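Take a look at the structure below.
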Amino acid sequence: MMSDLNTLTIAEARDKLRAGEVTSAELTEACLAAIEGAGALNAFVHDTPEIARAQAAAADARIRAGDAPSMCGIPLGIKDLFCTKGVPSQAASAILAGFKPEYESTVSQQLWDAGAVMLGKLNMDEFAMGSSNETSTYGNAVNPWRRGNDDTPLTPGGSSGGSAAAVAADLCLAATGTDTGGSIRQPAAFTGITGIKPTYGRCSRWGIVAFASSLDQAGPMTKSVRDAAIMLEAMCGHDPKDSTSADIPVPNFEAALTGDIRGKKIGIPKEYRMEGMPAEIEKLWADGTAMLKDAGAEIVDISLPHTKYALPAYYVIAPAEASSNLARYDGVRYGHRAKLAAGDGITEMYEKTRAEGFGHEVQRRVMVGTYVLSAGFYDAYYNRARKVRTLIKKDFEDVFAAGVDAILTPATPSAAFGLGEMKDADPVQMYLNDVFTVTVNLAGLPGIAVPAGLDPQGLPLGLQLIGKPWEEGELLNTAYVLEQAAGFVSKPGKWW
Amino acid sequence: MLDLTYTAPAPKVIAGAKEDWELVIGMEVHAQVSSNAKLFSGASTRFGAEPNSNVAFVDAAMPGMLPVINEFCVEQAVRTGLGLKAQINLFSAFDRKNYFYPDLPQGYQISQLYHPIVGEGEILVDMGPGVGRKVRIERIHLEQDAGKSVHDMDPNMSFVDLNRTGVALMEIVSRPDIRGPEEAAAYIVKLRQILRYLGTCDGNMQNGNLRADVNVSVCRPGDYEKYQETQDFSHLGTRCEIKNMNSMRFIQQAIDYEARRQIAILEDGGTVDQETRLYDPDKGETRSMRSKEEAHDYRYFPCPDLLPLEIEQAWVDDIAASLPELPDAKKARFVGDYGLSEYDASVLTAEVESADYFEKVAAVGEDGKLAANWVINELFGRLKKDDREITESPVSPEQLGGIIKLIKAGDISGKIAKELFEIVYTEGGDPAQIVEARGMKQVTDTGAIEAAVDEVIAANPAQVEKAKQNPKLAGWFVGQVMKATGGKANPKAVNELVAKKLAQ
């Protein structure tokens, strides 16, 4: 038995499973062992070895019977935001302490139906609100990457930080993530892995704890673009239980990876060239542009004029929706309920339960959201943000209508930063992490982060490609070309 | 279609201590949509189930659960809109109304603030034959009902029943066109009648399936007309909203009390505060529930879990084509086709079941007016005595029609018909056969009647003499003949023969 089966990609494992070279049981045991030894990363917060072993056995039987789908037998980690039947699903919040749903999210169910194996639940920012994993009730996950010989613990990014850390550290072959403003792409970039947020409506939101319903999308976090294509296909598809799920066919995304992008037009948006952008980010972007050009793509300068309003608009819309979505956590039916003092009534129950159950960042966003929706402020904030959103969407539509096939930008304004470094910073400093990613959510477009290089301290850096709605196949193919050209093969040195 | 003509009733005038006042009333009626499943879940809407047994995950607002619109509820709202001659909006959308309450698991109610499914319509409120108030409907929107908090089961705890949570409601909002307590009650009666005809709400007020928020204000005579001309609300007084009324009687009492309360304040030189009030039927008064300052900020915004509701005109047309005949049209037809009085037509069309019953009786008995008399006077009276609904009548329309047929043919007299009706009501059976078998058929053989008349005249010479002086006494002879023939002689024939013989 090979000792490093957990380091395989989905595509490699699939081929070995089909060839009978390995079993899902072996893959699963390798991952469970890796998880066992990676407590320091705090990536997995609920392990499910019994479920994993049972699913692996079933997958092996299916593979022996032939005709098993690509995801059959592949061990995965699942972000804690996904409701998994009978397994703690807390959205990394104390307010959902002990909550075990009686139902399975559509996306995870589709993965199990395809034969995938659940290793456990992954750490994240509380209710997916955060960019560093530091808002988690479980304590933050830790980035397996370190700066050179400096052992300062770094953030894996957020909100899908546990997913990113787990995939980068080979604790699982791939993981699910969700992305409301960059929560798949930023942590993917911080940990040197691939993460795609598909077009809004591609993946069902049913059974995923809601943060901001009009922005939330699930997506895969993987070790390669090919893996992203394979796993995305298994995750998406129309779900009548989600009214915002699109009833359009799911193509074979892997088949779209031809490596040929000759004649494709790649737009470089001038508004993404931020003042004070670190030189290594600037260089990475230029390198990526050159790689796509070398592959035969046509590079064009484009303008997305409303970009500068995206972050403020996002931080009005997302908290507004969150303030309403999180109203259900009231201590009445499930999760945490505060101990009440004599004479306390329903108001005290709400106040104490929510004060104890929600962390500071969640409370901040609930308050911001409540404020921007309140009488007298609705038009000035929420309605204006919706108008901005429409304009941002139109910016992209105009560019695509002019013939642009994809847009290349940096994924993040920097490499992974140190845990605790932003502790005393203005919250807006943290929000700036999302500056390149939120426009994609506001416009409902597919976006992918691909590892493309290392910074001078040896930390991974990612580039983002933004595609046309429903054209994930083409987007993945462009990302595939970038991945091949960048030849990113670095792995974090194991210290944990 | 024949249209009946109406004149508007005079508004109710209340004499205050100093001057006269008029009332201005608008209603928001919450009507539970008749549907087996809830507005956004497949859970049952059955009334009276075990607490918390009709609850889907989405109704309990479990994390990650999403609403999916029940198309039938949309169809019912469209049907209601069409029944109220209202604008159907092909584009509508759902919004969230946010507030905290234990029986509101989501922390918000999904409603339609900005784009309701139904726009402007109207209802003709019947205030008596030839008198009707046209009340404009502003809008109808779909929304979720809340659950029920139970505070009286335990001294320290409250309980929540979510069976009702998420049940579809139509909120039917009127313009302030109602001008008195009686009109308000009549508005509810008429709205309920139309909804029941349409089958879109069962109108059961006891179960809370139809309940009203009543907005009441008072103004001086003449002010309302200024409002009507300009639609400028500043001509009207400040309104108070009386919440959650589910009895016609209490609605009238509450409005009356509220109007007098406001008049007293105004005549004292005070001002009415805009607020929400509750009616206490035990004390017969309204009391403040929350002031304008304490009013919730509902933070309405478009529900991001649902796409806008877009429906096709062709679908609306199909629903329109399937609408039943509605009360106003049916009443007009009964007046036109059967020659009924408007009053009788109103009584018969109050419920679609009684209207249908009547039409079958009229068809079998071949006499509309006679059928109407028998249904209204005999059948309704008899059913009421037994506390039965028309649908529980032991006498079928065919049987009652058969009785009328026998009357029309002159086979039985009205008096015998009543006996026959009682036999059919209590024992059942075919009226014609009963008449035959029990020898109840009236004698129309003039020879036999003549013999009976002759006999009575011969036996009472003194009476004959008196009757010749005073023809009014002929009735006595008729009675004697009827007695002698066991009530079976045709009264018309007896009358004629007695008159003829006495004149000889």
Side-chain angles (χ1 to χ4, degrees), chain A residues 81-83 89-91 93 96 99 101-103 105-106 201 204-210 212-216 239-245 317 320-321 323-335 342 345-347 349-350 354 369-378 382-383 386, chain B residues 40-42 52 55-71 93-110 113-114 147 149 151 156-162 165 292-293 295-310:
Chain A
L81 202 64
F82 291 78
C83 288
S89 305
Q90 289 185 220
S93 180
L96 277 170
F99 179 66
E102 287 297 312
Y103 46 89
S105 82
T106 298
S204 169
R205 294 185 296 111
W206 194 87
I208 301 173
V209 176
S213 314
S214 76
L215 300 158
D216 297 343
D239 179 6
K241 291 188 286 189
D242 174 2
S243 306
T244 63
S245 157
I317 290 169
E321 292 184 15
S323 71
S324 177
N325 283 336
L326 269 57
R328 65 187 57 198
Y329 307 106
D330 56 8
V332 174
R333 297 169 312 288
Y334 49 76
I346 187 67
T347 307
M349 182 171 125
Y350 288 148
R354 290 166 67 83
T370 303
Y371 178 79
V372 298
L373 288 176
S374 60
F377 298 103
Y378 181 87
Y382 183 73
N383 237 358
R386 285 182 80 201
Chain B
F40 296 113
S41 85
N52 295 312
V55 186
F57 289 133
V58 68
D59 303 325
M62 301 305 278
M65 293 298 94
L66 297 172
V68 176
I69 186 79
N70 176 346
E71 190 180 309
F94 290 97
D95 304 296
R96 290 185 184 175
K97 177 181 181 179
N98 295 282
Y99 65 96
F100 283 94
Y101 207 71
D103 61 21
L104 186 76
Q106 293 170 137
Y108 53 83
Q109 176 195 35
I110 303 180
L113 176 68
Y114 297 110
S149 294
H151 301 297
N156 300 314
M157 287 197 282
S158 289
F159 293 83
V160 179
D161 178 4
L162 300 181
T165 303
K292 198 179 174 186
E293 288 71 35
H296 292 299
D297 179 355
Y298 290 121
R299 291 171 284 122
Y300 278 98
F301 76 107
C303 181
D305 284 331
L306 293 161
L307 300 174
L309 185 56
E310 292 179 73

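Numbers restart at 1 for each chain; the letters A, B, ... are given by sequence-line order, proteins then strands. Because the structure is predicted, anything quoted here is derived from the model rather than measured.
In terms of heavy-atom pairs under 4.5 Å with chain B, the best-connected choice from A:C83, A:S374, A:S214 is A:S374. Options B:L66, B:I69, B:L104 differ in how many heavy-atom pairs under 4.5 Å they form with chain A, and the most are formed by B:L66. Here A:S324 is the residue among A:S213, A:S324, A:A375 with the most heavy-atom pairs under 4.5 Å with chain B. With respect to chain B, the highest number of heavy-atom pairs below 4.5 Å among A:N383, A:L215, A:N325, A:D216 belongs to A:N325.
Side-chain polar atoms of A:R328 and B:Y108 form a donor-acceptor pair below 3.5 angstrom.
Proximity to chain B is limited to the backbone of A:I208, based on heavy atoms less than 4.5 angstrom apart. Interface remark: A:A212 contributes no atoms to any contact with chain B (heavy atom separation under 4.5 Å). Only the side chain of A:R333 comes within less than 4.5 Å of a heavy atom of chain B; its backbone N, CA, C and O stay farther away. Residue A:T370 touches chain B through both its backbone and its side chain, counting heavy-atom pairs closer than 4.5 Å. Of the two parts of A:F377, neither the backbone nor the side chain holds a non-hydrogen atom closer than 4.5 Å to a non-hydrogen atom of chain B. For A:Y329, the part sitting under 4.5 Å from any heavy atom of chain B is the side chain, from C-beta outward, and nothing else. Within the 4.5 angstrom heavy-atom criterion, only side-chain atoms of A:V332, from C-beta onward, approach chain B. Using a 4.5 Å cut-off between heavy atoms, B:F100 touches chain A through backbone and side chain atoms alike.
In this structure, the side chains of B:R299 and A:Y382 stay at 4.5 Å or more apart for every pair of heavy atoms. At least one side-chain heavy atom of B:P63 sits under 4.5 Å from a side-chain heavy atom of A:Y334.
Residues passing the side-chain contact (heavy atoms from CB on, under 4.5 Å) test with B:V55, sequence neighbours excluded: B:N52, B:D59, B:A60, B:L162, B:N163.
For B:V68 against A:D242, the heavy-atom pair with the smallest separation is CG2-N, 4.4 Å.
Close approach to chain A, defined as a heavy atom under 4.5 Å from one of its heavy atoms, is seen in B:Y300, B:F301, B:P302, B:P304, B:D305, B:L306, B:L307 of residues 300-307 of chain B, taken by number.
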